[in-house]
Amino acid sequence: MHVLILGGTTEARRLAELLYATPGLDLTSSLAGRVAGPRLPPGGVRVGGFGGAEGLTAWLREHAVDALVDATHPFAGSMSFHAAWAATTAQVPLLALRRPGWAPVPGDQWYQADSLEAAAELLPLYGRRAFLTTGRTGLAAFAHLDEMWFLVRSVDAPGSPHPARMEVLLDRGPFTLDGERELLRRHRIDVVVTKDSGGTATAPKLTAAREAGVPVVVVRRPPVPEGVAAVSGPEEAARWIRERLGRAG
């Protein structure tokens, strides 16, 4: 049984670890290739895009994929829609592994935005020194905010366009609460910008912001395909795969 995991997330890597070396299972993880030096999961790995939904469909057929797991990042753009279309076209069972989003708790000062551009419009209302944790590829949305200073954290160095006044911090989660507290204090951060990525690896910044009374601009998740079976954890996804493997055997 051949399983393709559309990955690049902590959950996808954990799923590969759970399934690796399972008798009768051929495992391939696909990474988009946007991060240099990614943490590779066990098993087979391919890096790079498929060429849209049609390319993914062709890959599923050519490599005789028996099950597809969409474990991409919540902000991976159109990939989930490509996966749904390709799975239907190639008649391959599809499961979405979607980590739960974050929810505010008492004391949080959250302001929701539907896009990076909308977040940029809100920023000057809440601060002048922003901790920007939305990734290196979306900095163009903030490039015009010349009156603001940014601490930009990303795995790889960002390119242009980007804000004129910024400091880049190259780092990879998981992050600690003490570390996030110190970042906010040392850089005199008065507003945080984040995507609603969910998970625990980057959540400590939200706690640190709440403790410091710092507002947070949260970019909402994009829509996902309707009608796709979904689970919230790697263990549930592994059970789904093993159940299909058992029926196939």
Side-chain angles (χ1 to χ4, degrees), residues 1-87 89-99 135-137 154-158 170-174 195 197-202 224-225 228-245 248-249:
M1 178 178 173
H2 187 190
V3 176
L4 175 63
I5 301 174
L6 303 177
T9 59
T10 302
E11 292 79 12
R13 191 164 55 251
R14 177 56 180 158
L15 176 59
E17 292 169 353
L18 291 170
L19 295 175
Y20 181 62
T22 299
L25 193 63
D26 182 15
L27 187 64
T28 303
S29 295
S30 177
L31 309 181
R34 297 194 181 104
V35 174
R39 295 173 179 170
L40 298 180
V45 177
R46 70 172 301 280
V47 178
F50 291 94
E54 294 83 359
L56 177 55
T57 302
W59 202 96
L60 295 176
R61 288 169 169 163
E62 179 182 351
H63 293 84
V65 172
D66 299 293
L68 176 64
V69 179
D70 172 19
T72 54
H73 192 274
F75 287 83
S78 57
M79 192 63 217
S80 291
F81 287 91
H82 290 174
W85 190 91
T89 304
Q91 297 184 326
V92 173
L94 169 65
L95 180 72
L97 172 51
R98 299 193 180 113
R99 69 177 75 151
R136 64 186 176 91
T137 60
S154 63
V155 176
D156 298 317
L170 298 181
D171 204 354
R172 187 198 303 260
K195 295 176 179 177
S197 299
T200 60
T202 63
V224 295
V228 176
V231 295
S232 60
E235 292 77 12
E236 298 169 274
R239 283 196 296 271
W240 184 81
I241 293 294
R242 292 190 177 112
E243 288 172 1
R244 303 199 72 84
L245 178 62

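Across Ala157 and Leu170, no two heavy atoms sit closer than the pair N-CD2, 3.6 Å. The minimum heavy-atom distance between Arg244 and Pro93, with the atom names listed, is NH2-CG, 3.2 Å.
Using a 4.5 Å cut-off on side-chain heavy atoms (C-beta onward), Leu4 and His63 make no contact.
Note that CZ of Phe50 is 7.0 Å distant from CG of Leu60, once rounded to the nearest 0.5 Å. Atoms CD1 and CG, on Ile241 and Leu95 in that order, are 7.0 Å from each other to the nearest 0.5 Å. Between the CE atom in Met1 and the CG atom in Asp66 there is a gap of 6.0 Å [rounded to 0.5 Å].
By the side chain to side chain contact (heavy atoms under 4.5 Å, CB included) test, Ala58 is found to be paired with no residue, residues two or more places apart in sequence or in another chain being considered. In this structure Ser232 satisfies the side-chain hydrogen bond (donor to acceptor under 3.5 Å, both in side chains) test together with Glu236, sequence neighbours excluded. Every residue two or more places apart in sequence or in another chain that forms a side chain to side chain contact (heavy atoms under 4.5 Å, CB included) with Ala84 is listed here: Leu94, Pro225, Val228. With sequence neighbours left out, Glu54 forms a side chain to side chain contact (heavy atoms under 4.5 Å, CB included) with Trp85. Residues that satisfy the side-chain hydrogen bond (donor to acceptor under 3.5 Å, both in side chains) test with Arg99, not counting sequence neighbours, are Glu11.
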Could you pull out every donor-acceptor pair under 3.5 Å between side chains of residues 72-83 and any protein atom, sequence neighbours left out?
| residue | atom | partner | partner atom | Å |
| --- | --- | --- | --- | --- |
| Thr72 | OG1 | Asp70 | OD1 | 2.6 |
| His73 | ND1 | Phe75 | N | 2.9 |
| His73 | NE2 | Ser197 | OG | 3.4 |
| Ser80 | OG | Asp70 | OD2 | 2.6 |

Enumerate donor-acceptor pairs with a distance under 3.5 Å from any side-chain N or O in residues 12-33 to protein atoms, sequence neighbours excluded.
| residue | atom | partner | partner atom | Å |
| --- | --- | --- | --- | --- |
| Thr22 | OG1 | Leu19 | O | 2.6 |
| Thr28 | OG1 | His2 | NE2 | 2.9 |
| Ser30 | OG | Arg46 | NH1 | 3.0 |

